[in-house]
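Side chains are part of it too, since the values below use all heavy atoms of this structure and drop only hydrogens, waters and symmetry mates.
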Amino acid sequence: MLSEILLSYLCVVNLTAFVLFGIDKRRARRHRWRIPERRLFMAALAGGSLGALAGMYGFRHKTRHRLFAWGVPLLFVLQAGALAGILVMTGVYE
């Protein structure tokens, strides 16, 4: 049950992060009001690092910003390790 809730949460937060990067890129091209970088990074920090990475490279957005270029991949590695640890500890994956 816990793994199903966690998986659902991760799907939602990663999809949200991906969509936020796409919206921000579109707004940047149109010279419109932008999504704050802090909000984009917080979406990655909340568990959406994979979606943020996919959005960064899929939309070619924020890839030159040092915080995003180094921070989001580092978050992904840390979050993947934490997820693996949780799955092992709960017995879902042995």
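A distance of 10.0 Å separates CG of Leu20 from NE2 of His61, quoted to the nearest 0.5 Å. The CG atom of Leu74 sits 10.5 Å away from atom CG of Leu67, with the distance rounded to the nearest 0.5 Å.
Asp24 pairs in a side chain to side chain contact (heavy atoms under 4.5 Å, CB included) with only one of the listed residues (Lys62, Arg32, Glu37), which is Lys62.
Between Phe41 and Phe68, the two ring planes are perpendicular [angle over 60°; tilted spans 30° to 60°].
Hydrophobic clustering of Ile, Leu, Val, Met, Phe, Trp and Tyr side chains at less than 4.5 Å, counting indirect connections, keeps Phe59 apart from Val13. Linking Ile, Leu, Val, Met, Phe, Trp and Tyr residues whenever their side-chain heavy atoms come within less than 4.5 Å places Leu50 and Leu15 in a single cluster. Linking Ile, Leu, Val, Met, Phe, Trp and Tyr residues whenever their side-chain heavy atoms come within less than 4.5 Å places Ile35 and Met42 in a single cluster. Linking ILVMFWY side-chain heavy atoms closer than 4.5 Å, directly or via other members, places Val19 and Leu53 in a single hydrophobic cluster.
Nearest heavy-atom pair, Gly51 versus Ala17, reported as atom, atom and distance to 0.1 Å: C-CB, 4.1 Å. Nearest heavy atom pair, residue Val72 against residue Ala44, reads CG2-CB, 4.4 Å. The shortest non-hydrogen separation linking Arg34 to Arg27 is CD-C, 4.1 Å. Heavy atoms only, all atoms of each residue included: Asn14 and Leu10 are closest at ND2-O, 2.7 Å. Nearest approach of Trp33 to Arg39, heavy atoms of both residues: CH2-NH1, 4.4 Å. Taking each heavy atom of Phe21 and Ala52 in turn, the nearest pair found is CE1-CB, 3.6 Å.
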